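All values reported here derive from a predicted model rather than from experimental measurement. Order of the sequence lines fixes the chain letters, A, B, ..., with proteins taken first and strands second; residue numbering starts at 1 for each chain.
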Amino acid sequence: MPDRLHFRLKLRRGPLFTLEAQESLPMQGVTAIVGPSGSGKTSLLRALAGLDMGVAGERRITFCNKEWDGPGGHVPAHERRIGFVFQDPHLFPHLSVAGNIGYGAKRCEVTSFDAIVEALELGPLLDRGIDGLSGGEARRVALARALASNPAVLFLDEPMTGLDSQRKSEFLPYIARAVSQARVPALYVSHSSDEVVTLADRVLELGQGHVTGWRTPPMRLTAHVVAETGPGVEVRLDGAEDDGPGASIALPLRALPGEAVGIGLPVESVHFSVHHPGAGSAIMVLPVTVTRPAGAEGQAVLDVLGQSVRVPGVMRVPSARTLWMSVLRVLPRPMVVDSTK
Amino acid sequence: MTVWPAIWLTLKLAFVTTAILLAVALPLAWWLTTTRSKLRPVVEAITTLPLVLPPTVLGFYLLILMSPTAPFGALWLRVTGDTLTFSFTGLVIASLVYSLPFAVQPLQTAFASVPQPTMDAARTLGATPRDAFLTVALPLARRGFLTAGVLTFAHTVGEFGVVLMVGGNIPGRTRVISIEIFTAVETLDYATAHVLSLGLLAFSFCVLLLVYVFNRRGGVRVA
(Lines give C-alpha, C1' and ligand atoms only; values in the text may rest on other atoms or scores of the structure.)
Protein backbone atom coordinates (compact mmCIF):
# COMPACT_ATOMS: atom_id res chain seq x y z
CA MET A 1 0.00 0.00 0.00
CA PRO A 2 1.72 3.17 -1.14
CA ASP A 3 1.71 6.36 0.89
CA ARG A 4 -1.06 8.74 0.03
CA LEU A 5 -1.85 12.41 -0.12
CA HIS A 6 -5.31 13.05 1.32
CA PHE A 7 -6.90 16.42 0.93
CA ARG A 8 -10.21 18.07 1.66
CA LEU A 9 -10.32 21.70 0.64
CA LYS A 10 -12.93 24.39 0.57
CA LEU A 11 -11.40 27.66 -0.50
CA ARG A 12 -13.21 30.75 -1.71
CA ARG A 13 -11.06 32.41 -4.31
CA GLY A 14 -12.96 35.49 -5.34
CA PRO A 15 -16.72 35.87 -5.54
CA LEU A 16 -17.18 33.51 -8.48
CA PHE A 17 -14.83 30.64 -7.77
CA THR A 18 -14.72 28.16 -4.94
CA LEU A 19 -12.34 25.24 -4.89
CA GLU A 20 -14.17 22.45 -3.11
CA ALA A 21 -12.33 19.23 -3.63
CA GLN A 22 -11.62 16.06 -1.76
CA GLU A 23 -9.53 13.11 -2.89
CA SER A 24 -6.85 10.68 -1.90
CA LEU A 25 -3.91 10.34 -4.27
CA PRO A 26 -1.41 7.47 -4.21
CA MET A 27 2.07 8.91 -3.83
CA GLN A 28 3.66 6.77 -6.49
CA GLY A 29 4.39 7.48 -10.12
CA VAL A 30 2.84 10.42 -11.89
CA THR A 31 -0.70 11.57 -11.17
CA ALA A 32 -1.95 13.88 -13.90
CA ILE A 33 -4.51 16.50 -12.98
CA VAL A 34 -6.48 17.61 -16.00
CA GLY A 35 -9.38 19.94 -16.61
CA PRO A 36 -10.34 23.02 -18.60
CA SER A 37 -8.71 26.33 -17.71
CA GLY A 38 -10.36 27.84 -14.69
CA SER A 39 -11.19 24.43 -13.25
CA GLY A 40 -8.93 24.99 -10.25
CA LYS A 41 -5.90 22.90 -11.14
CA THR A 42 -3.35 25.52 -10.22
CA SER A 43 -5.32 26.59 -7.14
CA LEU A 44 -5.31 22.99 -5.99
CA LEU A 45 -1.55 22.59 -6.38
CA ARG A 46 -0.87 25.89 -4.62
CA ALA A 47 -3.17 25.01 -1.76
CA LEU A 48 -1.50 21.62 -1.36
CA ALA A 49 1.90 23.33 -1.35
CA GLY A 50 0.86 25.61 1.49
CA LEU A 51 1.03 28.73 -0.65
CA ASP A 52 -1.87 31.20 -0.76
CA MET A 53 -2.45 30.82 2.96
CA GLY A 54 -4.20 34.21 2.80
CA VAL A 55 -7.16 32.62 1.03
CA ALA A 56 -9.89 31.96 3.56
CA GLY A 57 -11.38 28.51 3.77
CA GLU A 58 -11.04 25.03 5.19
CA ARG A 59 -7.97 22.93 4.63
CA ARG A 60 -7.35 19.34 5.58
CA ILE A 61 -4.21 17.91 4.04
CA THR A 62 -2.34 14.81 5.12
CA PHE A 63 0.79 13.73 3.28
CA CYS A 64 2.13 10.24 4.00
CA ASN A 65 0.46 10.16 7.44
CA LYS A 66 1.82 13.60 8.32
CA GLU A 67 -0.72 16.34 8.85
CA TRP A 68 0.08 19.37 6.68
CA ASP A 69 -3.11 21.30 7.36
CA GLY A 70 -5.79 20.55 9.84
CA PRO A 71 -6.84 20.87 13.46
CA GLY A 72 -3.36 19.78 14.52
CA GLY A 73 -1.76 22.80 12.90
CA HIS A 74 -0.09 23.96 9.75
CA VAL A 75 3.19 22.89 8.18
CA PRO A 76 4.62 25.95 6.39
CA ALA A 77 5.45 25.72 2.69
CA HIS A 78 9.20 25.60 3.28
CA GLU A 79 8.91 22.47 5.42
CA ARG A 80 6.75 20.46 3.02
CA ARG A 81 9.64 19.47 0.74
CA ILE A 82 7.69 20.02 -2.46
CA GLY A 83 9.59 20.45 -5.68
CA PHE A 84 7.33 22.97 -7.36
CA VAL A 85 7.80 23.74 -11.05
CA PHE A 86 5.66 26.70 -11.99
CA GLN A 87 4.04 27.56 -15.33
CA ASP A 88 6.76 30.10 -15.99
CA PRO A 89 10.26 29.15 -14.84
CA HIS A 90 10.45 32.03 -12.34
CA LEU A 91 14.18 31.59 -11.92
CA PHE A 92 16.08 33.88 -9.57
CA PRO A 93 17.39 36.59 -11.91
CA HIS A 94 20.22 37.61 -9.59
CA LEU A 95 21.75 34.11 -9.49
CA SER A 96 23.61 32.04 -12.06
CA VAL A 97 22.25 28.75 -13.36
CA ALA A 98 24.30 26.92 -10.73
CA GLY A 99 23.07 29.37 -8.08
CA ASN A 100 19.49 28.70 -9.04
CA ILE A 101 19.87 24.92 -8.93
CA GLY A 102 21.87 25.19 -5.72
CA TYR A 103 19.30 27.39 -3.96
CA GLY A 104 17.19 24.48 -2.79
CA ALA A 105 20.15 22.09 -2.64
CA LYS A 106 21.80 24.32 -0.04
CA ARG A 107 18.71 24.19 2.12
CA CYS A 108 18.29 20.44 2.31
CA GLU A 109 20.38 17.72 3.86
CA VAL A 110 20.85 15.42 0.89
CA THR A 111 21.01 16.46 -2.71
CA SER A 112 21.93 14.80 -5.96
CA PHE A 113 22.96 18.06 -7.60
CA ASP A 114 25.52 16.48 -9.94
CA ALA A 115 23.29 13.63 -11.08
CA ILE A 116 20.46 16.05 -11.81
CA VAL A 117 22.71 18.44 -13.72
CA GLU A 118 23.91 15.50 -15.76
CA ALA A 119 20.47 14.01 -16.40
CA LEU A 120 19.14 17.37 -17.57
CA GLU A 121 22.33 18.13 -19.52
CA LEU A 122 22.91 21.43 -17.77
CA GLY A 123 26.64 21.10 -17.19
CA PRO A 124 27.68 23.57 -19.92
CA LEU A 125 25.19 26.16 -18.65
CA LEU A 126 26.14 26.15 -14.97
CA ASP A 127 28.25 29.32 -14.98
CA ARG A 128 25.86 31.30 -17.16
CA GLY A 129 23.49 33.95 -15.94
CA ILE A 130 19.84 33.24 -16.58
CA ASP A 131 19.33 36.21 -18.93
CA GLY A 132 20.55 34.45 -22.04
CA LEU A 133 18.79 31.12 -21.54
CA SER A 134 16.34 29.92 -24.17
CA GLY A 135 12.80 29.02 -23.11
CA GLY A 136 13.58 25.32 -23.04
CA GLU A 137 16.83 25.80 -21.13
CA ALA A 138 15.15 27.98 -18.52
CA ARG A 139 12.56 25.27 -17.94
CA ARG A 140 15.23 22.62 -17.58
CA VAL A 141 16.91 24.79 -14.96
CA ALA A 142 13.58 25.25 -13.14
CA LEU A 143 13.06 21.49 -13.15
CA ALA A 144 16.62 20.86 -11.94
CA ARG A 145 16.17 23.46 -9.20
CA ALA A 146 13.07 21.68 -7.94
CA LEU A 147 14.69 18.24 -8.08
CA ALA A 148 17.91 19.35 -6.39
CA SER A 149 16.01 20.33 -3.25
CA ASN A 150 15.51 16.61 -2.67
CA PRO A 151 11.72 16.87 -2.72
CA ALA A 152 9.36 14.32 -1.21
CA VAL A 153 6.93 15.04 -4.03
CA LEU A 154 7.09 16.99 -7.28
CA PHE A 155 4.38 19.45 -8.29
CA LEU A 156 4.51 20.32 -11.97
CA ASP A 157 2.10 23.05 -13.00
CA GLU A 158 1.97 22.93 -16.80
CA PRO A 159 5.75 23.23 -16.94
CA MET A 160 5.72 23.50 -20.73
CA THR A 161 3.37 26.48 -21.06
CA GLY A 162 4.62 28.86 -23.71
CA LEU A 163 6.97 26.45 -25.49
CA ASP A 164 6.31 25.73 -29.16
CA SER A 165 5.59 22.14 -30.15
CA GLN A 166 9.18 21.53 -31.25
CA ARG A 167 10.53 22.68 -27.87
CA LYS A 168 7.83 20.71 -26.08
CA SER A 169 8.81 17.47 -27.75
CA GLU A 170 12.42 18.18 -26.78
CA PHE A 171 11.59 19.01 -23.18
CA LEU A 172 9.09 16.22 -22.51
CA PRO A 173 11.69 13.42 -22.43
CA TYR A 174 13.68 15.42 -19.88
CA ILE A 175 10.67 15.54 -17.58
CA ALA A 176 9.98 11.87 -18.11
CA ARG A 177 13.57 10.94 -17.38
CA ALA A 178 13.83 13.22 -14.37
CA VAL A 179 10.63 11.91 -12.85
CA SER A 180 11.52 8.27 -13.29
CA GLN A 181 15.15 8.75 -12.24
CA ALA A 182 14.42 10.77 -9.14
CA ARG A 183 11.85 8.17 -8.06
CA VAL A 184 9.74 10.93 -6.60
CA PRO A 185 5.97 10.85 -6.89
CA ALA A 186 4.64 13.71 -8.97
CA LEU A 187 1.44 15.66 -9.49
CA TYR A 188 1.34 16.93 -13.05
CA VAL A 189 -1.14 19.58 -14.06
CA SER A 190 -1.72 19.58 -17.78
CA HIS A 191 -4.25 19.99 -20.50
CA SER A 192 -2.14 18.36 -23.19
CA SER A 193 -3.07 14.77 -23.95
CA ASP A 194 0.45 14.07 -25.27
CA GLU A 195 1.99 15.01 -21.95
CA VAL A 196 -0.53 12.91 -20.07
CA VAL A 197 0.02 9.90 -22.36
CA THR A 198 3.77 10.19 -21.97
CA LEU A 199 3.92 10.75 -18.25
CA ALA A 200 0.82 9.85 -16.31
CA ASP A 201 0.11 6.67 -14.44
CA ARG A 202 -3.35 7.91 -13.51
CA VAL A 203 -5.46 10.88 -14.40
CA LEU A 204 -7.63 12.94 -12.08
CA GLU A 205 -10.20 15.25 -13.65
CA LEU A 206 -11.23 18.61 -12.25
CA GLY A 207 -14.09 20.80 -13.37
CA GLN A 208 -15.28 24.11 -11.93
CA GLY A 209 -13.37 23.67 -8.72
CA HIS A 210 -14.53 20.12 -8.04
CA VAL A 211 -13.01 16.69 -8.55
CA THR A 212 -15.12 15.15 -11.29
CA GLY A 213 -13.51 11.72 -11.19
CA TRP A 214 -10.69 9.50 -12.33
CA ARG A 215 -10.15 9.09 -16.02
CA THR A 216 -9.02 5.75 -17.45
CA PRO A 217 -5.21 5.85 -17.49
CA PRO A 218 -3.70 6.44 -20.90
CA MET A 219 -3.30 3.38 -23.09
CA ARG A 220 0.23 2.15 -22.87
CA LEU A 221 2.19 -0.88 -24.04
CA THR A 222 5.57 -2.03 -22.83
CA ALA A 223 8.53 -2.77 -25.03
CA HIS A 224 12.26 -3.39 -24.84
CA VAL A 225 15.03 -1.66 -26.71
CA VAL A 226 16.50 -3.85 -29.44
CA ALA A 227 19.10 -1.52 -30.91
CA GLU A 228 20.32 2.05 -30.93
CA THR A 229 19.87 3.70 -34.30
CA GLY A 230 21.75 6.95 -33.94
CA PRO A 231 18.97 9.50 -33.56
CA GLY A 232 16.84 7.12 -31.50
CA VAL A 233 16.23 3.49 -30.71
CA GLU A 234 14.45 0.54 -32.21
CA VAL A 235 12.17 -1.27 -29.81
CA ARG A 236 10.14 -4.45 -29.89
CA LEU A 237 6.77 -4.69 -28.16
CA ASP A 238 6.76 -7.23 -25.37
CA GLY A 239 4.98 -10.31 -26.73
CA ALA A 240 5.69 -9.51 -30.40
CA GLU A 241 7.02 -12.32 -32.58
CA ASP A 242 10.11 -11.99 -34.77
CA ASP A 243 9.16 -10.05 -37.90
CA GLY A 244 5.55 -10.00 -36.63
CA PRO A 245 3.52 -6.84 -35.93
CA GLY A 246 5.20 -4.59 -33.37
CA ALA A 247 8.59 -6.28 -33.73
CA SER A 248 10.37 -3.12 -34.80
CA ILE A 249 9.29 0.40 -33.89
CA ALA A 250 11.54 3.44 -34.14
CA LEU A 251 11.35 5.84 -31.21
CA PRO A 252 13.00 9.24 -30.78
CA LEU A 253 14.49 8.33 -27.45
CA ARG A 254 17.80 7.71 -25.80
CA ALA A 255 18.02 4.32 -24.12
CA LEU A 256 20.30 1.31 -24.05
CA PRO A 257 19.58 -2.07 -25.66
CA GLY A 258 17.68 -4.26 -23.24
CA GLU A 259 16.10 -1.35 -21.37
CA ALA A 260 12.37 -1.35 -20.82
CA VAL A 261 10.41 1.44 -22.46
CA GLY A 262 6.79 2.46 -22.20
CA ILE A 263 4.89 3.25 -25.37
CA GLY A 264 1.99 5.62 -24.97
CA LEU A 265 -0.86 5.42 -27.43
CA PRO A 266 -2.57 8.78 -27.91
CA VAL A 267 -6.32 8.23 -28.14
CA GLU A 268 -6.68 10.15 -31.39
CA SER A 269 -3.97 8.09 -33.07
CA VAL A 270 -5.55 4.69 -32.48
CA HIS A 271 -8.30 3.16 -34.63
CA PHE A 272 -10.04 -0.20 -34.39
CA SER A 273 -11.46 -2.15 -37.29
CA VAL A 274 -12.93 -5.61 -37.78
CA HIS A 275 -10.92 -6.25 -40.97
CA HIS A 276 -7.24 -5.62 -41.50
CA PRO A 277 -7.09 -1.98 -42.61
CA GLY A 278 -3.93 -2.39 -44.72
CA ALA A 279 -0.71 -0.70 -43.80
CA GLY A 280 -1.64 2.83 -44.94
CA SER A 281 0.00 5.51 -42.79
CA ALA A 282 -0.10 3.41 -39.64
CA ILE A 283 3.23 2.71 -37.97
CA MET A 284 1.87 -0.58 -36.73
CA VAL A 285 -1.24 -2.72 -37.09
CA LEU A 286 -1.74 -5.15 -34.25
CA PRO A 287 -4.17 -8.06 -33.77
CA VAL A 288 -6.33 -7.58 -30.69
CA THR A 289 -8.60 -9.81 -28.64
CA VAL A 290 -11.43 -8.26 -26.69
CA THR A 291 -11.26 -9.72 -23.17
CA ARG A 292 -14.10 -7.57 -21.82
CA PRO A 293 -16.44 -5.64 -24.07
CA ALA A 294 -17.46 -2.10 -23.15
CA GLY A 295 -20.74 -2.06 -21.32
CA ALA A 296 -22.29 -1.70 -17.92
CA GLU A 297 -19.09 -2.80 -16.21
CA GLY A 298 -17.16 0.09 -17.72
CA GLN A 299 -14.53 0.44 -20.39
CA ALA A 300 -13.49 -2.32 -22.73
CA VAL A 301 -10.37 -4.32 -21.90
CA LEU A 302 -8.24 -5.63 -24.75
CA ASP A 303 -5.49 -8.18 -25.06
CA VAL A 304 -2.70 -6.81 -27.26
CA LEU A 305 0.09 -9.34 -27.81
CA GLY A 306 -0.56 -10.65 -24.33
CA GLN A 307 -0.62 -7.18 -22.75
CA SER A 308 -3.83 -6.05 -21.12
CA VAL A 309 -5.01 -2.58 -22.17
CA ARG A 310 -8.00 -0.66 -20.85
CA VAL A 311 -9.64 1.47 -23.50
CA PRO A 312 -10.74 4.99 -22.52
CA GLY A 313 -14.50 5.50 -22.62
CA VAL A 314 -14.32 8.07 -25.41
CA MET A 315 -13.11 5.44 -27.92
CA ARG A 316 -15.43 3.45 -30.12
CA VAL A 317 -14.60 -0.24 -30.16
CA PRO A 318 -16.50 -2.39 -32.69
CA SER A 319 -18.35 -5.29 -31.09
CA ALA A 320 -16.37 -8.29 -32.23
CA ARG A 321 -14.19 -10.87 -30.53
CA THR A 322 -11.06 -10.12 -32.52
CA LEU A 323 -10.08 -6.77 -33.99
CA TRP A 324 -7.24 -4.93 -35.65
CA MET A 325 -5.74 -1.91 -33.94
CA SER A 326 -3.90 0.52 -36.20
CA VAL A 327 -1.63 3.03 -34.52
CA LEU A 328 -0.67 6.22 -36.36
CA ARG A 329 1.58 7.75 -33.71
CA VAL A 330 3.19 6.65 -30.48
CA LEU A 331 4.79 8.59 -27.66
CA PRO A 332 7.77 7.08 -25.86
CA ARG A 333 7.92 6.95 -22.12
CA PRO A 334 11.54 6.43 -21.11
CA MET A 335 12.51 4.00 -18.36
CA VAL A 336 9.00 3.27 -17.31
CA VAL A 337 8.82 2.50 -13.62
CA ASP A 338 5.62 0.56 -13.55
CA SER A 339 4.28 1.67 -10.24
CA THR A 340 0.57 1.56 -10.86
CA LYS A 341 0.20 -2.04 -9.79
CA MET B 1 34.51 81.14 4.81
CA THR B 2 31.95 80.84 7.55
CA VAL B 3 29.71 78.53 5.52
CA TRP B 4 31.70 75.39 6.32
CA PRO B 5 30.02 74.65 9.66
CA ALA B 6 26.64 74.75 7.91
CA ILE B 7 27.81 72.44 5.13
CA TRP B 8 29.37 70.02 7.59
CA LEU B 9 26.24 70.03 9.76
CA THR B 10 24.00 69.46 6.75
CA LEU B 11 26.03 66.50 5.51
CA LYS B 12 26.18 64.98 8.99
CA LEU B 13 22.43 65.36 9.39
CA ALA B 14 21.79 63.83 5.95
CA PHE B 15 24.08 60.85 6.58
CA VAL B 16 22.67 60.06 10.00
CA THR B 17 19.10 60.47 8.80
CA THR B 18 19.64 58.28 5.73
CA ALA B 19 21.32 55.51 7.69
CA ILE B 20 18.61 55.35 10.34
CA LEU B 21 15.76 55.82 7.89
CA LEU B 22 16.85 52.99 5.58
CA ALA B 23 16.96 50.64 8.54
CA VAL B 24 13.49 51.74 9.61
CA ALA B 25 11.97 51.94 6.14
CA LEU B 26 13.13 48.49 5.04
CA PRO B 27 10.89 46.43 7.33
CA LEU B 28 8.12 49.01 7.03
CA ALA B 29 8.13 48.92 3.22
CA TRP B 30 8.20 45.11 3.21
CA TRP B 31 5.31 45.01 5.64
CA LEU B 32 3.31 47.46 3.50
CA THR B 33 4.01 45.36 0.39
CA THR B 34 3.07 42.00 1.83
CA THR B 35 0.54 42.59 4.58
CA ARG B 36 -3.12 41.79 4.28
CA SER B 37 -3.87 43.82 7.41
CA LYS B 38 -6.77 46.24 7.38
CA LEU B 39 -4.41 48.77 8.95
CA ARG B 40 -2.36 48.97 5.78
CA PRO B 41 -4.08 52.00 4.19
CA VAL B 42 -3.89 53.85 7.52
CA VAL B 43 -0.18 53.19 7.87
CA GLU B 44 0.35 54.06 4.21
CA ALA B 45 -1.46 57.39 4.65
CA ILE B 46 0.55 58.25 7.76
CA THR B 47 3.79 57.36 5.98
CA THR B 48 2.92 59.64 3.08
CA LEU B 49 1.68 62.58 5.19
CA PRO B 50 5.07 64.36 5.34
CA LEU B 51 4.93 64.54 1.55
CA VAL B 52 1.81 66.73 1.48
CA LEU B 53 1.88 68.56 4.81
CA PRO B 54 3.48 72.01 4.86
CA PRO B 55 6.83 71.64 6.65
CA THR B 56 5.71 74.33 9.09
CA VAL B 57 2.76 72.21 10.21
CA LEU B 58 4.98 69.19 10.62
CA GLY B 59 7.59 71.26 12.38
CA PHE B 60 5.01 72.85 14.66
CA TYR B 61 3.71 69.48 15.88
CA LEU B 62 7.22 68.10 16.26
CA LEU B 63 8.16 71.18 18.26
CA ILE B 64 5.14 70.63 20.54
CA LEU B 65 6.03 66.95 20.89
CA MET B 66 9.68 67.56 21.70
CA SER B 67 9.23 70.48 24.03
CA PRO B 68 10.40 69.70 27.58
CA THR B 69 6.86 70.25 28.85
CA ALA B 70 5.44 67.50 26.62
CA PRO B 71 5.65 63.87 27.86
CA PHE B 72 8.04 62.74 25.11
CA GLY B 73 10.31 65.77 25.41
CA ALA B 74 10.26 65.53 29.21
CA LEU B 75 11.16 61.86 29.13
CA TRP B 76 14.03 62.58 26.77
CA LEU B 77 15.28 65.34 29.02
CA ARG B 78 15.17 63.07 32.06
CA VAL B 79 16.96 60.18 30.31
CA THR B 80 19.63 62.14 28.41
CA GLY B 81 19.85 65.39 30.34
CA ASP B 82 19.45 67.38 27.14
CA THR B 83 16.46 68.95 25.45
CA LEU B 84 15.37 67.81 22.01
CA THR B 85 14.32 71.16 20.69
CA PHE B 86 17.05 73.30 19.19
CA SER B 87 19.50 70.36 19.26
CA PHE B 88 21.08 68.11 16.63
CA THR B 89 19.20 65.06 17.95
CA GLY B 90 15.95 66.98 17.56
CA LEU B 91 16.91 67.78 13.97
CA VAL B 92 17.59 64.12 13.27
CA ILE B 93 14.21 63.08 14.66
CA ALA B 94 12.46 65.77 12.63
CA SER B 95 14.33 64.77 9.48
CA LEU B 96 13.42 61.13 10.01
CA VAL B 97 9.74 62.03 9.98
CA TYR B 98 10.07 64.54 7.17
CA SER B 99 11.98 62.23 4.81
CA LEU B 100 10.15 59.02 5.69
CA PRO B 101 8.10 58.81 2.45
CA PHE B 102 11.23 59.28 0.36
CA ALA B 103 12.72 56.16 1.89
CA VAL B 104 9.58 54.04 2.08
CA GLN B 105 8.07 54.63 -1.34
CA PRO B 106 10.98 53.58 -3.59
CA LEU B 107 11.48 50.50 -1.43
CA GLN B 108 7.79 49.67 -1.53
CA THR B 109 7.74 50.02 -5.33
CA ALA B 110 10.82 47.82 -5.61
CA PHE B 111 9.41 45.14 -3.33
CA ALA B 112 6.09 45.18 -5.17
CA SER B 113 7.92 44.44 -8.41
CA VAL B 114 9.44 41.25 -7.01
CA PRO B 115 7.21 38.59 -8.59
CA GLN B 116 5.18 36.63 -6.06
CA PRO B 117 5.87 33.29 -7.82
CA THR B 118 9.61 33.91 -7.49
CA MET B 119 9.12 34.26 -3.75
CA ASP B 120 6.86 31.18 -3.79
CA ALA B 121 9.62 29.27 -5.57
CA ALA B 122 12.06 30.21 -2.81
CA ARG B 123 9.56 29.05 -0.17
CA THR B 124 8.99 25.66 -1.81
CA LEU B 125 12.77 25.26 -2.10
CA GLY B 126 13.01 25.29 1.66
CA ALA B 127 13.55 28.98 2.44
CA THR B 128 11.83 30.39 5.50
CA PRO B 129 10.02 33.71 4.88
CA ARG B 130 12.97 35.57 6.44
CA ASP B 131 15.46 33.61 4.36
CA ALA B 132 13.48 34.25 1.17
CA PHE B 133 13.34 37.96 2.00
CA LEU B 134 17.09 38.19 2.53
CA THR B 135 18.18 36.03 -0.39
CA VAL B 136 15.57 36.87 -3.03
CA ALA B 137 13.46 39.96 -2.29
CA LEU B 138 16.32 42.12 -1.04
CA PRO B 139 18.75 41.42 -3.91
CA LEU B 140 15.96 41.94 -6.45
CA ALA B 141 14.97 45.24 -4.80
CA ARG B 142 18.52 46.60 -4.62
CA ARG B 143 17.81 49.39 -7.08
CA GLY B 144 14.96 50.60 -4.90
CA PHE B 145 17.34 50.57 -1.97
CA LEU B 146 19.77 52.85 -3.77
CA THR B 147 17.00 55.17 -4.99
CA ALA B 148 15.61 55.38 -1.46
CA GLY B 149 19.02 56.17 -0.02
CA VAL B 150 19.86 58.86 -2.55
CA LEU B 151 16.46 60.54 -2.41
CA THR B 152 16.40 60.52 1.39
CA PHE B 153 19.86 62.03 1.52
CA ALA B 154 19.06 64.72 -1.03
CA HIS B 155 15.71 65.55 0.53
CA THR B 156 17.29 65.89 3.96
CA VAL B 157 19.99 68.18 2.58
CA GLY B 158 17.31 70.43 1.14
CA GLU B 159 14.91 70.70 4.07
CA PHE B 160 14.18 74.10 5.52
CA GLY B 161 10.84 74.60 7.21
CA VAL B 162 10.95 71.74 9.63
CA VAL B 163 14.51 72.50 10.65
CA LEU B 164 13.69 76.12 11.26
CA MET B 165 10.69 75.21 13.40
CA VAL B 166 12.38 72.50 15.45
CA GLY B 167 16.01 73.55 15.47
CA GLY B 168 15.89 77.27 15.03
CA ASN B 169 18.96 79.00 13.69
CA ILE B 170 21.89 78.26 15.98
CA PRO B 171 25.24 78.47 14.12
CA GLY B 172 27.17 75.20 14.23
CA ARG B 173 24.36 73.46 16.06
CA THR B 174 21.21 73.67 13.97
CA ARG B 175 22.03 76.09 11.16
CA VAL B 176 22.02 73.95 8.02
CA ILE B 177 22.77 75.17 4.48
CA SER B 178 19.22 76.16 3.57
CA ILE B 179 18.94 78.28 6.71
CA GLU B 180 22.39 79.72 6.11
CA ILE B 181 21.12 80.88 2.73
CA PHE B 182 18.02 82.38 4.33
CA THR B 183 20.15 84.21 6.86
CA ALA B 184 22.56 85.41 4.19
CA VAL B 185 19.74 86.89 2.10
CA GLU B 186 18.19 88.57 5.15
CA THR B 187 21.52 90.24 5.90
CA LEU B 188 21.95 91.13 2.21
CA ASP B 189 25.05 88.88 1.95
CA TYR B 190 24.19 87.85 -1.60
CA ALA B 191 27.65 86.45 -2.33
CA THR B 192 27.28 83.71 0.28
CA ALA B 193 23.69 83.05 -0.82
CA HIS B 194 24.86 82.65 -4.41
CA VAL B 195 27.62 80.20 -3.56
CA LEU B 196 25.43 78.02 -1.35
CA SER B 197 22.39 78.12 -3.64
CA LEU B 198 24.39 77.21 -6.69
CA GLY B 199 26.04 74.45 -4.71
CA LEU B 200 22.68 73.01 -3.66
CA LEU B 201 21.30 73.35 -7.17
CA ALA B 202 24.24 71.49 -8.69
CA PHE B 203 24.11 68.86 -5.95
CA SER B 204 20.37 68.21 -6.40
CA PHE B 205 20.69 67.99 -10.17
CA CYS B 206 23.57 65.53 -9.93
CA VAL B 207 21.70 63.37 -7.47
CA LEU B 208 18.60 63.16 -9.64
CA LEU B 209 20.70 62.54 -12.72
CA LEU B 210 22.42 59.71 -10.89
CA VAL B 211 19.09 58.14 -9.90
CA TYR B 212 17.62 58.36 -13.39
CA VAL B 213 20.74 57.13 -15.17
CA PHE B 214 21.03 54.22 -12.79
CA ASN B 215 17.37 53.27 -12.99
CA ARG B 216 17.39 53.48 -16.75
CA ARG B 217 20.40 51.25 -17.06
CA GLY B 218 18.81 48.82 -14.62
CA GLY B 219 15.59 48.86 -16.60
CA VAL B 220 17.38 47.93 -19.80
CA ARG B 221 19.22 45.16 -18.03
CA VAL B 222 16.04 43.71 -16.60
CA ALA B 223 14.29 43.81 -19.99
Taking atom [atom1] as the centre, does [X] end up with more than 12 heavy-atom neighbours from other residues, nucleotides or ligands that are less than 6.0 angstrom away?
{"X": "B/Q116", "atom1": "CD", "value": "yes"}
{"X": "A/F113", "atom1": "CZ", "value": "yes"}
{"X": "A/F17", "atom1": "CZ", "value": "yes"}
{"X": "A/K10", "atom1": "NZ", "value": "no"}

Considering non-hydrogen atoms only, spot the tightest contact between B/R36 and A/M53 and give its length.
NH2-C, 4.5 Å
So for [X], is it side chain, backbone, both, or neither that comes closer than 4.5 Å to the heavy atoms of chain B?
{"X": "A/R46", "result": "side chain"}
{"X": "A/L95", "result": "neither"}
{"X": "A/A146", "result": "backbone"}

Which distance, rounded to the nearest 0.5 Å, do you find between the [atom1] of [X] and the [atom2] of [Y]?
{"X": "A/H78", "Y": "B/L125", "atom1": "NE2", "atom2": "CG", "value": "12.5 Å"}
{"X": "B/R123", "Y": "A/R80", "atom1": "CZ", "atom2": "CZ", "value": "9.5 Å"}
{"X": "A/L51", "Y": "B/D120", "atom1": "CG", "atom2": "CG", "value": "4.5 Å"}

Sequence neighbours excluded, the answer for ring pair (Phe, Tyr, Trp, His ring centres under 6.0 Å) partners of B/F72 is none
If you count heavy-atom pairs under 4.5 Å with chain B, which of [options] comes out on top?
{"options": "A/F86, A/Y103, A/F155", "answer": "A/Y103"}
{"options": "A/S149, A/P89, A/A77", "answer": "A/A77"}
{"options": "A/K106, A/R145, A/E79", "answer": "A/R145"}

Mind checking whether A/R107 and B/D131 have side chains closer than 4.5 Å, heavy atoms only?
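They are in side-chain contact.
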Side chains of B/L140 and A/P93 in contact at under 4.5 Å (non-hydrogen atoms):
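Of all side-chain heavy-atom pairs linking A/P93 with B/L140, at least one is under 4.5 Å.
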Exam field: side chain A/H94 to backbone B/T135, donor-acceptor pair closer than 3.5 Å
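Answer holds: yes.
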